[in-house]
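Below is one structure, written out as C-alpha cells; comments come after it.
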Amino acid sequence: MPMGETIAATATPAGESALAVVRTSGPLSSTLAAAVLGHAEGRTPPPRQATFGHYHALDGRTLDQIVLTLFAAPASSTGEDLLEITCHGSPLIVRRILDDLFARGCRPAQPGEFTRTAFVNGKLDLTQAEAVADLIRARSDGALRMAQRQLDGELGRRVQEFSGQLLQIQAELEAYIDFPEEDLPSESPGGPRTQITGLTQAVGKLLATAKHGTLLREGASVVIAGLPNAGKSSLLNALLGRPRAIVSPEPGTTRDFLEEQFLVGPYSIQITDTAGLRLESPDPIEREGVARSLEKIATADFLLLIIDSTIAPPKLPEAVLNAIKPHNTLVLENKTDLSGSISQLLFLSDCKHVRLSLKTGDGTEQMREQLTLALEKAYAVSNEDLILTSARHVEALNRVKAALDAAQTKLAKRAPAELAASDLRQALEALGEIIGRIDNEVMLDRLFASFCIGK
C-alpha cells in the first residue's frame with residue numbers, strides 16, 4: 001500500500017447477518033472516527049474503547065446505529081491507525097457505509113491487504129500472515145489447531161532457530177576463510193560438519209511432517225470402490241446422511257465419480273463415489289467411467305472396498321489390487337440382511353472387514369468407527385509436533401536441506417571452504433524466504449492475492 005493511503009473493506013462475509021464489521025487502516029482512520037459520529041474536528045473517540053452512536057454520511061443522512069472502535073498506531077493489528085465500524089448486517093447498509101468511506105478519501109482494499117500491511121509493519125512474520133488464511137479455511141480440528149499454532153508464531157520461531165544455528169556455522173567458516181593461518185577454536189568439538197549434520201537432521205524431521213500437513217489442509221482422500229450394484233452409492237448416501245447419489249437396482253447407474261467433503265469425527269475427508277469396476281464392458285461411456293475410477297483409486301489415501309456378501313468375492317483389476325494395503329483399505333461386506341449372505345473374511349484377509357447392511361443400517365456404526373480409527377492412525381502425530389501445512393514452506397525447506405547436503409559434501413571432500421560457505425548462504429536465504437526476510441515483491445503479491453478482501 002502506498003504511503004499515506006487509507007484502505008477500507010468489510011471484515012465479515014457477504015450476505016445478511018445480525019452484525020457486520022467494516023474496517024479502515026491508514027492515516028485517515030482517526031479523522032474518520034470523529035467525522036462519521038458527527039463529532040466536531042478534534043473530538044476523536046478514545047482509542048481501544050467501543051463507542052456507540054449513529055453513522056453520519058457526507059450527504060447528511062444517518063445510515064445506521066453503529067459501535068465504533070479506534071485502534072491508534074502502532075498498537076493495532078496493522079501497525080497503522082485502524083478503525084472498526086460494527087453495523088447491522090444488511091448488505092445495503094454495508095454498501096452505503098463503504099461508499100461513504102470511499103467518498104471521504106479511502107480506497108477499496110485489495111485481497112489480503114490488511115494482513116500484508118501487518119506483515120510490512122512488522123506485526124506478523126510471513127508464516128503468521130499465511131496462518132490467517134489457513135485459520136479461515138480450516139475444515140477440521142487438526143487443521144484449526146495447526147493454523148492457531150502457526151499464527152502464534154511457532155513455525156517462525158523454529159525457522160529463526162534454524163537461522164541462528166546456520167549463522168553460527170557460517171560465521172565459523174567465514175572466519176576460517178578470512179584468517180586461514182590462524183588456529184581458530186571451533187564452537188563444536190566436531191567442527192562445522194557435525195553442526196551441519198545436526199541441522200540437516202532437524203530440517204529433515206520437520207519436512208517429514210508435510211504428508212500430515214496435506215491431510216490436515218485438504219482432508220484425506222477416501223474412495224468408494226467395488227463392482228457394479230455392490231452398494232457404493234448407498235454407502236455414499238449413508239456416510240453423508242442424505243441422498244447425494246442415485247440408487248438403482250440396475251448395475252452401472254454411476255458412470256462418473258461423485259465427490260463430497262465432510263467430517264468423520266474431527267477429521268475432514270474428501271469422499272469419492274466411483275463407477276462400478278466392471279472388467280469388460282461393451283459401453284464406451286462405462287469404460288471411460290471405470291478408467292477414471294482407477295485413476296482415483298491409485299491416488300487415494302483410503303479405500304472403502306464394498307462387496308456383495310451374497311456372491312463369490314470379486315475379481316479386481318490389477319491396478320486396484322496394487323493400491324490395496326492393510327493400513328489403507330476397509331472391506332465392507334454389504335447385504336448381510338439377505339439370506340444368502342456369508343462371511344468373506346478369506347478375501348483380502350490382511351485387511352479389516354466390516355459386515356453391514358446399508359438397507360437396514362446394521363453395521364454402519366461399526367464402519368464409521370473403523371474409518372475413524374484408520375484416520376486417527378493417518379493423522380497420528382504428537383500434539384507437540386509442529387506440522388508443515390504449506391507447499392511454499394516445504395519447497396523452501398527442501399532447498400535448505402539440499403544446500404546443507406551440498407555444503408557437507410564439499411567439506412567432506414576438503415573442497416575450498418568458500419564453496420561450502422556459498423551453499424550455507426543459499427540455505428540462509430531460503431530460510432529467510434519462509435518468514436519474509438527476503439524482499440521478493442512478486443512472491444508477496446502472489447501469496448496475499450489468495451486472501452479474502454478485508455483480511
Side-chain angles (χ1 to χ4, degrees), residues 116 119-131 150 153-211 213-214 385-448:
R116 181 170 183 161
F119 165 69
V120 170
N121 290 332
K123 290 293 181 177
L124 302 169
D125 69 28
L126 203 50
T127 64
Q128 290 173 299
E130 290 169 299
Q150 190 169 313
E154 191 167 339
L155 177 58
R157 289 191 292 273
R158 183 72 60 86
V159 172
Q160 291 277 32
E161 290 173 10
F162 290 163
S163 297
Q165 294 173 43
L166 190 51
L167 283 170
Q168 178 61 43
I169 298 169
Q170 192 175 18
E172 191 171 327
L173 264 183
E174 297 281 1
Y176 174 77
I177 293 168
D178 291 340
F179 306 101
E181 71 283 354
E182 300 291 338
D183 187 19
L184 296 171
S186 172
E187 296 294 330
S188 169
R193 289 182 60 191
T194 300
Q195 294 171 282
I196 291 173
T197 297
L199 182 55
T200 304
Q201 289 172 347
V203 171
K205 182 180 178 181
L206 184 56
L207 274 169
T209 68
K211 60 181 180 180
T214 302
D385 287 342
L386 182 62
I387 297 176
L388 292 178
T389 59
S390 167
R392 190 182 72 83
H393 302 161
V394 173
E395 189 274 335
L397 283 172
N398 273 320
R399 284 190 283 121
V400 171
K401 188 173 183 301
L404 291 174
D405 287 339
Q408 187 73 288
T409 300
K410 290 180 176 67
L411 290 174
K413 292 181 178 180
R414 298 187 177 277
E418 290 88 347
L419 298 178
S422 176
D423 291 325
L424 296 183
R425 282 193 290 272
Q426 290 179 25
L428 197 59
E429 287 176 2
L431 287 173
E433 288 179 19
I434 295 175
I435 55 177
R437 294 294 170 85
I438 302 297
D439 186 12
N440 187 329
E441 197 71 17
V442 174
M443 183 267 290
L444 294 179
D445 286 342
R446 186 166 59 245
L447 189 153
F448 287 107

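- Interatomic distance, Gln160 CD to Leu155 CG, rounded to the nearest 0.5 Å: 10.5 Å.
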* Is there a side chain to side chain contact (heavy atoms under 4.5 Å, CB included) between Leu424 and Leu404 once you walk through the steps? -> CA-CA 6 Å; Leu424 296 183; Leu404 291 174; 3.9 Å; yes
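- Between Phe162 and Leu199, the shortest heavy-atom contact is CD2-CD1, 3.7 Å.
- Atom CG in Leu397 sits 6.0 Å away from atom CG in Leu388 (nearest 0.5 Å).
- In this structure a side-chain-to-backbone donor-acceptor pair under 3.5 Å is present from Gln150 to Thr127.
- Looking at residues two or more places apart in sequence or on another chain, you find no salt bridge (charged side-chain N to carboxylate O under 4.0 Å, His left out) involving Lys123.
- The heavy-atom pair separating Ala430 from Val400 by the smallest distance is CB-CG2, 3.5 Å.
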* Asked: Please walk me through it: do His393 and Val159 pass side chain to side chain contact (heavy atoms under 4.5 Å, CB included)?
  -> CA-CA 10 Å; His393 302 161; Val159 172; over 6 Å; no
* Asked: Step by step, would you call Thr209 with Leu386 a side chain to side chain contact (heavy atoms under 4.5 Å, CB included)?
  -> CA-CA 8 Å; Thr209 68; Leu386 182 62; over 6 Å; no
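- Annotation for Ala420 and Leu173: closest pair CB-CD1, 4.0 Å, computed over non-hydrogen atoms.
- Side-chain contact between Ile435 and Leu431: absent, with no pair of heavy atoms (C-beta onward) separated by less than 4.5 Å.
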* To do: Could you go through the side chain to side chain contact (heavy atoms under 4.5 Å, CB included) check for Arg425 and Leu428 one step at a time?
  => CA-CA 5 Å; Arg425 282 193 290 272; Leu428 197 59; 5.5 Å; no
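- Residues satisfying the salt bridge (charged side-chain N to carboxylate O under 4.0 Å, His left out) test with Glu395, not counting sequence neighbours, are Arg399.
- Going from atom NZ of Lys401 over to atom CD of Gln408 covers 11.0 Å, rounded to the nearest 0.5 Å.
- Residues passing the side chain to side chain donor-acceptor pair (under 3.5 Å) test with Ser422: none are found, sequence neighbours excluded.
- Between the side chain of Gln201 and the main chain of Gly198, no donor-acceptor pair closer than 3.5 Å is present.
- The backbone N or O of Ile434 sits less than 3.5 Å from a side-chain atom of Arg392, completing a donor-acceptor pair.
- Looking at heavy atoms from C-beta onward, Leu167 lies in side-chain contact with Gln170 at the 4.5 angstrom threshold.
- Between Pro192 and Ile169, the closest heavy-atom pair is CB-CG2, 4.1 Å.
- Scanning all heavy atoms of the two residues, the minimum distance from Asp423 to Ala407 falls at OD2-N, 3.4 Å.
- Contact between Ser390 and Glu130 at its shortest, heavy atoms only, is OG-OE2, 4.0 Å.
- Counting heavy atoms from C-beta on, the side chains of Val394 and Leu207 come closer than 4.5 Å.
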